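Each chain gets a letter, A, B and so on, in the order the sequences are listed, and its residues count up from 1. Predicted, not measured: the structure shown is a model, and the values here were computed from it.
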2 protein chains.
Amino acid sequence: MVTIDDVAELAGLSKSTVSRVINHYPHVSQEKKERVYQAMETLGYVPNSSARSLRNKKTKMIAVIVPRLMNPFFGQLVESMEVAANQQGYQLLICQTMYSQDTELGHLNLLKTKQVDGIILASLENEWNNIAEYLSYGPLIMCNEFDESAEIPIIKLDQIHGGYIATKHLIRQGHTRIAYCSGGHKSMVANHRKIGFEKALAEHGLRFDESLGFFDAYTIENGIEVFKEIHKMDNPPTAVFTGSDEVAAGILTGAREYGVDIPGELSVIGFDNQVISRIMDPKISTVEQPIEQMAQKAVHVLVEQINSNNKPAKERYELPLELIIRESTVGGPLRAVE
Amino acid sequence: MVTIDDVAELAGLSKSTVSRVINHYPHVSQEKKERVYQAMETLGYVPNSSARSLRNKKTKMIAVIVPRLMNPFFGQLVESMEVAANQQGYQLLICQTMYSQDTELGHLNLLKTKQVDGIILASLENEWNNIAEYLSYGPLIMCNEFDESAEIPIIKLDQIHGGYIATKHLIRQGHTRIAYCSGGHKSMVANHRKIGFEKALAEHGLRFDESLGFFDAYTIENGIEVFKEIHKMDNPPTAVFTGSDEVAAGILTGAREYGVDIPGELSVIGFDNQVISRIMDPKISTVEQPIEQMAQKAVHVLVEQINSNNKPAKERYELPLELIIRESTVGGPLRAVE
DNA sequence: ACCAATTTTGAAAACGATTTCAATGATTCA
DNA sequence: TGAATCATTGAAATCGTTTTCAAAATTGGT
């Protein structure tokens, strides 16, 4: 392996000088600079990053913790983060919790062992007070998923508004009996959507029928299950609010199997504006989330935290959501209200 | 930051002994062992991994290079790789090329700078002879995408067979005029599928009509475009072979828009057995690829390479593909052959 | 031509671990 | 009991950088 000493020797200089050239220090004569570059070139020298990290106490790596990549929301989030991280000169390490608390804590150890300079939490399996202690080892920020009590930067979406506009739309179409699907009881994202959902109901003097709630729906398969449950109800809902386009797609798939027309007999709204929502038949109304923007902001904020020597910060960024009306919620049997 | 010296001091021992305890060396008395553990515990000591990497010349990190994560095939591949890597005590760094040659070369520099112990190439933007030189800095292996001339381990799928069985199935349904879609001219995966495709045709005395070839189809949008092209042909095909379920889904979407019945007027077969193939209407016939198995094997082989001190190896592993018949290719207007 | 200020350089000390080497202490065996 | 073996420990070197410190070389002003 060719080291800085080899370069120094070939160039006939000390390694201090070589190091200075590499790091673009001022006060190096043009002549020596060129001799160093020449030597590096002929030797094919590249600095060893472990040595650099050790000395600089910076690894130029960050990690992102997500539940799993197959979930297209997180796939997209991580894709955008990787690009943003590279642009800022960082490598992105990917950590999946697979919904396990222990795995999550295991990943947080990357901070302790100084394998990464900071971590983006896009998933939250453990209580915040079990995570907070890791803060003393390096910066943590939250992205998408969050816990208000955490005194760290949070980049999130306005989920309350998201739940609200989606529900409002259903109500405007004349629905009064609306089912609610979401993924995860402890997710604050899901909680906030529910708040928006109920806010919209309340504005129209409606109350949520608890028997229409489904709180463990993540996948297409779950969506199919949900449809089956709904289908056998005596007094079924006329619309269903879902927490993801996949679940919505599952409901459509279930409905097709049972010959139930959507939106004719049941309206369905998704969440995320994933490609799938555009190609299902009928096309799924949904709520668009600015994932790329959120990912970029998160990387940016984390890098800032890293460079500010982990100076405590607790900024909050909230990005807007947008309703996208397609076919799965319009032209149903109910007349539009207002 | 608490270092091994702090532990040594508190335990009243030398750091050599502490190191030996950490690394489970034999010949450390039970008593000192306990004193060390005690000290580590009270100080909350965790070894610094940059220091370790520097000394051991091993980072316990590997990288995987993919085009992009949004592509569900690669999303699934990376998901499985991350899990497998963790199980083997490695962290997975994700590198997207975004189809850029320069970006790919940039990622390969991770090996030069010793940021990773090895790299899995699941994407190949550059010619192999431009990549080969990196081999002197650490192990490289290919997974899925490949170049036969590369003298490194290759874990791939039997794409020739995949192309063959899919086409054979279409021919059995009575099709003789079959369009062919794939992503990427230089991809050997695509090439092999084409070979299988033509082999099946040849077996039935059919020849491929070059005007029915589409070679830049990756996404749903591309699929829609392909459908439009086909739709305005004077002598359109009665079936289309696609290189991915997304493209197949795009064709279905295009067909729906134009009121063309599938499989009634056009049969479509996908590739991958992604969820989307199960929920489109009609459900898409496809070829199942054992992605998880391939991912695990790849990680395994790479780790082996790393531990064998990069001893040259050029094993080839070929995993089988399986035809999955659903609705998009059966019950078409043509009578089944044989 | 001389002094002060400023560039430019190199030797040596970090960074935090692991490993070699040699020394000590304990044990075995005759 | 003495020699030989083996288990146990610590001092110091090492991995490949960056940075501090001080010395040497240059510049500028008079």
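At whole-Å resolution of the value, CD1 in B:Ile4 and C1' in C:dT19 are 12 Å apart. Distance A:Leu54 CG to C:dA17 C1': 8 Å, rounded to the nearest Å. Separating the NE2 atom of B:His24 from the C1' atom of C:dT18 is a distance of 15 Å, rounded to the nearest angstrom. Taking atom CD of A:Glu9 as the reference point, atom C1' of C:dG10 lies 15 Å away to the nearest angstrom.
Using modelled atom types, no side-chain atom of B:Gln305 and backbone atom of B:Ile141 make a donor-acceptor pair closer than 3.5 Å. With hydrogens and angles ignored, the 3.5 Å screen pairs no side-chain donor or acceptor of B:Arg35 with any backbone N or O of B:Gln30.
No salt bridge links A:Glu82 with B:Arg68; every basic N to acidic carboxylate O contact stays at or beyond 4.0 Å. Between A:Asp117 and A:Lys58 there is no salt bridge, since no side-chain nitrogen of the basic residue lies less than 4.0 Å from a carboxylate oxygen of the acidic one.
At the heavy-atom level, A:Val18 lies nowhere under 4.0 Å from the strands shown. Residue B:Asn56 is in sugar-phosphate contact alone, with no base atom involved, counting any heavy-atom pair closer than 4.0 Å across all strands shown. The residue B:Thr3 sits close only to the backbone: its heavy atoms come under 4.0 Å of sugar-phosphate atoms, none of a base.
Set against C:dT18, C:dA11, C:dT19, the side chain of B:Lys15 has C:dT18 as its closest nucleotide. For A:Arg55, the listed nucleotide lying nearest its side chain is C:dA13; candidates were C:dA13, C:dA17, C:dT19.
There is no side-chain donor-acceptor pair under 3.5 Å between A:Glu34 and A:Gln38. In the model, A:Ser100 has no side-chain atom that pairs as donor or acceptor with a side-chain atom of A:Glu125 under 3.5 Å. A donor-acceptor contact closer than 3.5 angstrom is absent between the side chains of A:Ser80 and A:Gln296. If you check the side chains of A:Ser149 and A:Asp147, you find a donor sitting under 3.5 Å from an acceptor.
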What nitrogen or oxygen pairs link the protein and nucleotides 5-9 of chain C at under 3.5 Å?
residue	atom	partner	partner atom	Å
C:dT9	OP1	A:Ser29	OG	3.0
C:dT9	OP1	A:Lys32	NZ	3.2
C:dT9	OP2	A:Ser29	N	3.1

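Nucleotides of DNA chain D that come within less than 4.0 Å of any heavy atom of chain B span, from the 5' end to the 3' end, D:dA7 to D:dG16.
No N or O donor and acceptor, one from the side chain of B:Ser53 and one from the base of C:dA17, sit under 3.5 Å apart.
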Residue pair A:Ile120, A:Val299: steps toward the side chain to side chain contact (heavy atoms under 4.5 Å, CB included) verdict
CA-CA 8 Å; A:Ile120 299 174; A:Val299 169; 4.1 Å; yes
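Checking the phosphate oxygens (OP1, OP2) of C:dT20, no side-chain nitrogen or oxygen of B:Tyr25 falls inside 4.0 Å.
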